[in-house]
Amino acid sequence: MTQARPRKTVFGLLPWPERQAIAESLRTETVGGLVLLAAAVVALAWSNSPWSGAYEAVRDFHFGIPALGLDLSVGHWTADGLLAVFFLVAGIELKRELVVGELRTPATAALPVVAALCGMAVPAALYLLTAKAGGGSSDGWAVPMATDIAFALAVLAVISTHLPSALRAFLLTLAVVDDLGAILIIAIFFTSDLNFWALGGSVAGLVLFYALQRFRVRGWWWYVPLGIAIWALMYNSGVHATVAGVAMGLILRTTRDKGEEASPGGRVAHLVHPFSAGVAVPLFALFAAGVSVSGEALGHVFTDPEPLAVLIGLVVGKILGIFLGTYLAARFTRAELNPDLAWADVLGLATLAGIGFTVALLIGELAFPDPAQAEHVKAAVLIGSLTAAALAALLLRRRNRLYKQLYEAENRDDDDGIPDCYQTETGAHPGGSR
């Protein structure tokens, strides 16, 4: 008689080292998310004010080095340059999750990966169904697929919701897998005519980058010039330049050697993450979120098939995809929901994941070269994200009393800086009842 496999608790207490690493990342993302919200508000106010001409002039101002193929507008510098820093951090986060985090074993990876894949597939399918039913273009199928973790955490900060660390970690892992899916989509489906010489040079640079890591070469003077060269060659190759960022992030080592206080990936993330969350992403939002909010412009969101499909994909597709994916993964992997939580909590989290901002705006610009159509799609992303945020706030605030109890129990420490729940005999979550 075979012994039954032990059941795994979904959204239970995280291992202490994993929780520390995730907490540091989430703190930075939360602060960056608040700056991101402020940048989006400024962009909307500026682009719809009497000074909208100045906004367009700044966004479309060109500078760079034409001889190197890098004469870009401010808007393109933020999308192709600064977002490469964002994807560098995303690559490091993904590498850490794969090596030492929730994705390192199939058993722990199954739930967030299945939920994230369903959370990408269902919005894309709903987009295609809606767009085709209205006689629209299928080009924007990838727009509603990504979750904006910074925006989502900013919403949590604004509504003062004390989500337990396991739910926040799940949201972060979802966003990391989403980011990987987004960069693969950008690399495969939004690549223009290839310049194989430039692409070969960029790949050679990545090989050298890997060799430097492999042989434990230290010193920023090696990596910064090489990273800039890899990015510039990737941009000139026709592959979107942000691919260079995620590739370098995946190459950086995220495990410590003997005697090291932090891994190279950890050091780079610690240094670059605040810049990415607090400067790079908000600046991108400042020059990407400036869309018209007139009655006529907003009307296009609900009457044109492509923007409507984006709106439905974000609000309906994300909820259905992530909730059903989580339920199916739990059902077929012998996992049990944390008894302190209910499936209503998963529904609230799935709704929160419908906030797709930074990557959705980027893919919208790539999918719709026509400026007028791109503006309508951007407006749909904004309305969809705000709708998802409002619905999530309603759902999560109803459960906030329970979240606060769990949060306080998780963080109670009477002596040594380590929460007491990590020092019990069983290591069980102290929690409360539903």
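Only this structure's heavy atoms are used, side chains among them; waters, hydrogens and symmetry mates stay out.
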Worksheet item: Partners of Trp46 by ring-ring contact (aromatic ring centres under 6.0 Å, His included), sequence neighbours excluded?
Response: Tyr55

Fill in: Asp304 (side chain) donor-acceptor with Pro307 (main chain) under 3.5 angstrom
no

Worksheet entry | Pair listing, side chain to side chain donor-acceptor pair (under 3.5 Å) test, anchored in residues 65-77, at least two apart | Ser73-His76

Worksheet item: Considering all heavy atoms of both residues, which atom of Ala152 and which atom of Leu171 are nearest to each other, and what is their separation?
Response: CB-CD2, 4.2 Å

Discussion item. Considering only residues two or more places apart or on different chains, which pairs with a residue in residues 200-213 satisfy salt bridge (Lys or Arg N to Asp or Glu O under 4.0 Å)?
Written reply: none

Item to complete: Would you indicate whether the side-chain heavy atoms of Val291 and Leu44 approach each other to under 4.5 Å?
Response: yes

Item to complete: Using side chain to side chain contact (heavy atoms under 4.5 Å, CB included) as the criterion, list what pairs up with Ala84, not counting sequence neighbours.
Response: Trp231

Fill in: Main-chain N/O of Arg253 paired with Gln213 side-chain donor or acceptor, under 3.5 Å
yes

Item to complete: Sorted by first residue and then second, give each ring pair (Phe, Tyr, Trp, His ring centres under 6.0 Å) pair with at least one member in residues 175-209; sequence neighbours left out.
Response: Trp141-Phe189, Phe209-Tyr223

Practice prompt. Can you measure from OG1 (Thr78) to CG (Leu286) and round to the nearest 0.5 angstrom?
Written response: 8.5 Å

Practice prompt. Could you tell me whether a side-chain N or O of Ser276 sits under 3.5 Å from a main-chain N or O of Val272, the two making a donor and an acceptor?
Written response: no

Can you give the donor-acceptor pairs under 3.5 Å from side chains of residues 110-132 to other protein atoms, not counting sequence neighbours?
unit_1 : atom_1 : unit_2 : atom_2 : d
Tyr127 : OH     : Ser137 : O      : 3.1
Tyr127 : OH     : Gly140 : N      : 3.3
Thr130 : OG1    : Leu126 : O      : 2.8

Identify each donor-acceptor pair in which a side-chain atom of residues 232-252 lies under 3.5 Å from a protein atom, sequence neighbours left out, and give them as a table.
unit_1 : atom_1 : unit_2 : atom_2 : d
Asn236 : ND2    : Leu68  : O      : 3.1
Asn236 : ND2    : Ala232 : O      : 2.9
Ser237 : OG     : Met234 : O      : 2.6
Ser237 : OG     : Val239 : N      : 3.2
His240 : ND1    : Thr242 : N      : 3.3
His240 : ND1    : Thr242 : OG1    : 2.8
His240 : NE2    : Asp80  : OD1    : 3.3

Fill in: Check against side-chain contact (heavy atoms from CB on, under 4.5 Å), Val346 and Thr326
CA-CA 8 Å; Val346 181; Thr326 304; 3.9 Å; yes

Worksheet item: Given side chains that start at C-beta, do those of Thr147 and Leu174 come closer than 4.5 Å, heavy atoms only?
Response: no

Item to complete: Kindly write out the residues that satisfy side chain to side chain contact (heavy atoms under 4.5 Å, CB included) with Ala280, not counting sequence neighbours, or none if the list is empty.
Response: Leu82, Phe275

Distance-only donor-acceptor hits, side chain of residues 376-393, under 3.5 Å, sequence neighbours excluded:
unit_1 : atom_1 : unit_2 : atom_2 : d
His376 : ND1    : Ala372 : O      : 3.4
Lys378 : NZ     : Ala288 : O      : 3.2
Lys378 : NZ     : Glu365 : OE2    : 3.0
Ser385 : OG     : Gly356 : N      : 3.3
Ser385 : OG     : Gly356 : O      : 2.8
Ser385 : OG     : Val381 : O      : 2.8
Thr387 : OG1    : Ile383 : O      : 2.7

Worksheet item: Does CD1 belonging to Ile188 count more than 12 external heavy atoms closer than 6.0 Å?
Response: yes

Discussion item. Please check: side-chain N/O of Asp148 versus main-chain N/O of Thr358, any donor-acceptor pairing under 3.5 Å?
Written reply: yes

Discussion item. As an exercise, state the distance from CZ of Arg59 to OG of Ser52, rounded to the nearest 0.5 Å.
Written reply: 10.0 Å

Practice prompt. Using a 4.5 Å cut-off on heavy atoms from C-beta on, say whether the side chain of Thr303 contacts that of Leu308.
Written response: no

Discussion item. Let's go through Leu347 and Tyr327 carefully: what are the C-alpha distance in whole Å and the side-chain angles of both, what is the deciding distance for side-chain contact (heavy atoms from CB on, under 4.5 Å) to 0.1 Å, and is it a yes or a no?
Written reply: CA-CA 10 Å; Leu347 180 64; Tyr327 177 80; over 6 Å; no

Item to complete: Output, in order, the C-alpha distance, side-chain angles, deciding distance and verdict of side-chain contact (heavy atoms from CB on, under 4.5 Å) for Leu352 and Val155.
Response: CA-CA 9 Å; Leu352 189 68; Val155 170; 4.2 Å; yes

Discussion item. Using side-chain contact (heavy atoms from CB on, under 4.5 Å), reason through Phe302 and Leu311 one step at a time and then give a plain yes or no.
Written reply: CA-CA 9 Å; Phe302 300 97; Leu311 179 62; 3.5 Å; yes

Worksheet, complete the sentence: Across all chains, not counting sequence neighbours, the ring-ring contact (aromatic ring centres under 6.0 Å, His included) partners of Phe357 are Phe151

Practice prompt. For residues Thr254 and Gly265, report the shortest heavy-atom separation together with the two atoms involved.
Written response: CG2-CA, 4.4 Å

Worksheet entry | Rounded distance [0.5 Å steps], CZ in Phe61 versus CG in Leu72 | 12.0 Å

Worksheet entry | Contact summary for Gly136 and Pro305, nearest pair of heavy atoms | CA-CG, 3.5 Å

Worksheet entry | salt bridge (Lys or Arg N to Asp or Glu O under 4.0 Å) against Asp178, all qualifying residues, sequence neighbours excluded | Lys318

Worksheet entry | Student check: side-chain heavy atoms of Val281 and Val85 closer than 4.5 Å | no

Worksheet entry | Contacts of type side chain to side chain contact (heavy atoms under 4.5 Å, CB included), residue Arg398, not counting sequence neighbours | none

Fill in: Shortest non-hydrogen contact from Pro144 toward Gly313
CB-C, 3.8 Å

Worksheet item: Side chains of Leu212 and Leu226: does their closest heavy-atom pair fall under 4.5 Å?
Response: yes

Item to complete: Hey, could you give me the CG/CG distance between Leu37 and Leu153, rounded to the nearest 0.5 Å?
Response: 10.5 Å

